[in-house]
Amino acid sequence: MTRRLTRALSLLAALGLWQLLTSLDVDLWLRFAQFPTVTDVARELGHRLGEGTYWQDITQSLTRILTGFALASVAGVATGIALARSRLAADLLGPLLEVLRPIPAIALVPVAILLFPSNEQGIVFITCTAAFFPVVVATRHAVGALTPVWEEAVRTMGGGRWRVLGSVVLPGALPGVFGGLSVGIGVSWICVISAEMISGEYGVGYRTWQDYTVVDYPGVLVGMVTIGVLGRLTASAVELLGRRLTRWLPRPSYGPGARPRTDKAAAPAPAVPPIPTKAAPHDQLV
């Protein structure tokens, strides 16, 4: 409860500072005179919540991000495992991926326009590409860091390649994989918004850019707030799924003086005093 209150107070403090600087028209090094206030943005947000276009843009952006991210997750995990466990795959795909990885996904907008028959497919392609490489890199390193003893134990008990993959590789690499997924979902939002601004017809990014072209700055801030909230919700969903699938991992306890939680079922049993035994007679000992 204390941590939640601290987080809420930090957000309220940031909003209060924003309102103070814009309402007083502070113009030192940063110019807040033309910047919309918190009340202006809240008023514009309340107005757009009652419009169908706002929800249509959110639905369009979520559809694009979820489709591209799902494709990138499946392809990225499979490619990362192949690179880490197959020398042939590392030799064939490794050099190509290392050349393509430094290219920003948003730079592929002209390529997507040329390759795909519709802008919708091109935006999904850019979103998928943005999340693909973080997932590949995280999965490859997570699989490569696994202890070889686990695989040897499974093979000693008669397990084959698929048994090793399902019992050792995938469970052991899950923490690293979800680290890559968390990074990938954030990068996907950056690229999908940029792609919508360039070649989209609907979406939060497209609407934000349209508001900028007509000098509707409260509308621009509404779009930015919407992007932030949607990005936070999707990232939290990925983190929650990761915690559910890796419940076997030990969780750290945060805060000064915090005690780690212990499972009552796993608590050690109280010590049982030894049962006194009756001494044997002297003649029996002899």
Side-chain angles (χ1 to χ4, degrees), residues 2-69 104-107 109 119-120 122-124 126-127 130-131 182-239:
T2 303
R3 295 186 63 200
R4 293 178 180 177
L5 182 60
T6 303
R7 294 180 180 184
L9 290 177
S10 66
L11 182 59
L12 291 176
L15 293 176
L17 181 61
W18 174 7
Q19 179 69 23
L20 180 64
L21 293 175
T22 52
S23 59
L24 296 179
D25 295 336
V26 175
D27 192 1
L28 297 175
W29 181 61
L30 298 176
R31 299 173 296 177
F32 292 94
Q34 302 296 327
F35 208 79
T37 63
V38 177
T39 54
D40 294 335
V41 177
R43 190 181 304 111
E44 181 66 21
L45 176 61
H47 173 71
R48 297 199 177 190
L49 287 175
E51 296 180 348
T53 307
Y54 179 77
W55 299 106
Q56 182 180 7
D57 291 335
I58 290 180
T59 302
Q60 197 75 17
S61 295
L62 283 176
T63 302
R64 292 164 176 167
I65 197 78
L66 294 179
T67 304
F69 182 70
I106 196 61
V109 171
N119 291 338
E120 190 69 24
I123 293 175
V124 172
I126 293 171
T127 306
S182 298
V183 176
I185 192 66
V187 179
S188 296
W189 272 111
I190 296 174
C191 292
V192 73
I193 296 300
S194 302
E196 288 177 349
M197 289 181 176
I198 296 174
S199 61
E201 297 178 358
Y202 290 99
V204 180
Y206 169 81
R207 196 66 55 190
T208 303
W209 182 254
Q210 292 299 312
D211 292 332
Y212 171 75
T213 57
V214 298
V215 200
D216 183 6
Y217 292 122
V220 173
L221 268 297
V222 168
M224 294 172 61
V225 171
T226 304
I227 295 168
V229 172
L230 293 176
R232 176 58 182 168
L233 291 177
T234 52
S236 298
V238 173
E239 294 174 1

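- A130 and S188 get closest at one heavy-atom pair: CB-CA, 4.2 Å.
- Atoms SG and CD1, from C191 and I126 in turn, are 8.0 Å apart once rounded to the nearest 0.5 Å.
- Here the shortest heavy-atom pairing between I190 and S194 reads O-OG, 2.9 Å.
- Under the 4.5 Å side-chain criterion, counting only non-hydrogen atoms from C-beta, I198 is in contact with I106.
- Rounding to the nearest 0.5 Å gives a distance of 11.0 Å between OG1 of T2 and CZ of R4.
- Ion pairing of R48 with D211 is present here, as a side-chain N (NZ or NE/NH1/NH2) and a carboxylate O approach within less than 4.0 Å.
- Summarising the local packing, CD of Q34 is surrounded by 12 or fewer heavy atoms from other residues, nucleotides or ligands at distances under 6.0 Å.
- Nearest heavy-atom pair across F69 and T127 is N-CG2, 4.5 Å.
- Taking the side chain as every heavy atom from C-beta outward, V220 and M224 approach each other to under 4.5 Å.
- No more than 12 heavy-atom neighbours from other residues, nucleotides or ligands sit within 6.0 angstrom of CH2 on W209.
- A donor atom on one side chain and an acceptor atom on the other are found under 3.5 Å apart for Q60 and E120.
- Partners of R43 according to the salt bridge (charged side-chain N to carboxylate O under 4.0 Å, His left out) rule, which considers only residues two or more places apart in sequence or in another chain, are D40.
- At a threshold of 4.5 Å between non-hydrogen side-chain atoms, the residues V41 and V222 count as touching.
- Separating the CZ atom in R31 from the OG1 atom in T22 is a distance of 15.5 Å, to the nearest 0.5 Å.
- Qualifying ring-ring contact (aromatic ring centres under 6.0 Å, His included) partners for Y217, counting only residues two or more places apart in sequence or in other chains: none.
- L62 and I65 make their closest contact through O-CG2, 3.2 Å (heavy atoms, listed as atom of the first residue, atom of the second, distance).
- D25 CG to T37 OG1: the interatomic distance, rounded to the nearest 0.5 Å, is 10.0 Å.
- Atom OG1 in T226 sits 10.5 Å away from atom CG in L221 (nearest 0.5 Å).
- For the pair L24 and F32, the minimum side-chain heavy-atom distance is 4.5 Å or more.
- For the atom pair M197 CE and T208 OG1, the distance stands at 5.0 Å (nearest 0.5 Å).
- In this structure, the side chain to side chain contact (heavy atoms under 4.5 Å, CB included) partners of N119, at least two apart in sequence or on a different chain, are S199, E201.
- No side-chain donor-acceptor contact under 3.5 Å links S61 to the backbone of I58.
- Counting only heavy atoms from C-beta outward, the side chains of Y202 and E196 never approach each other to under 4.5 Å.
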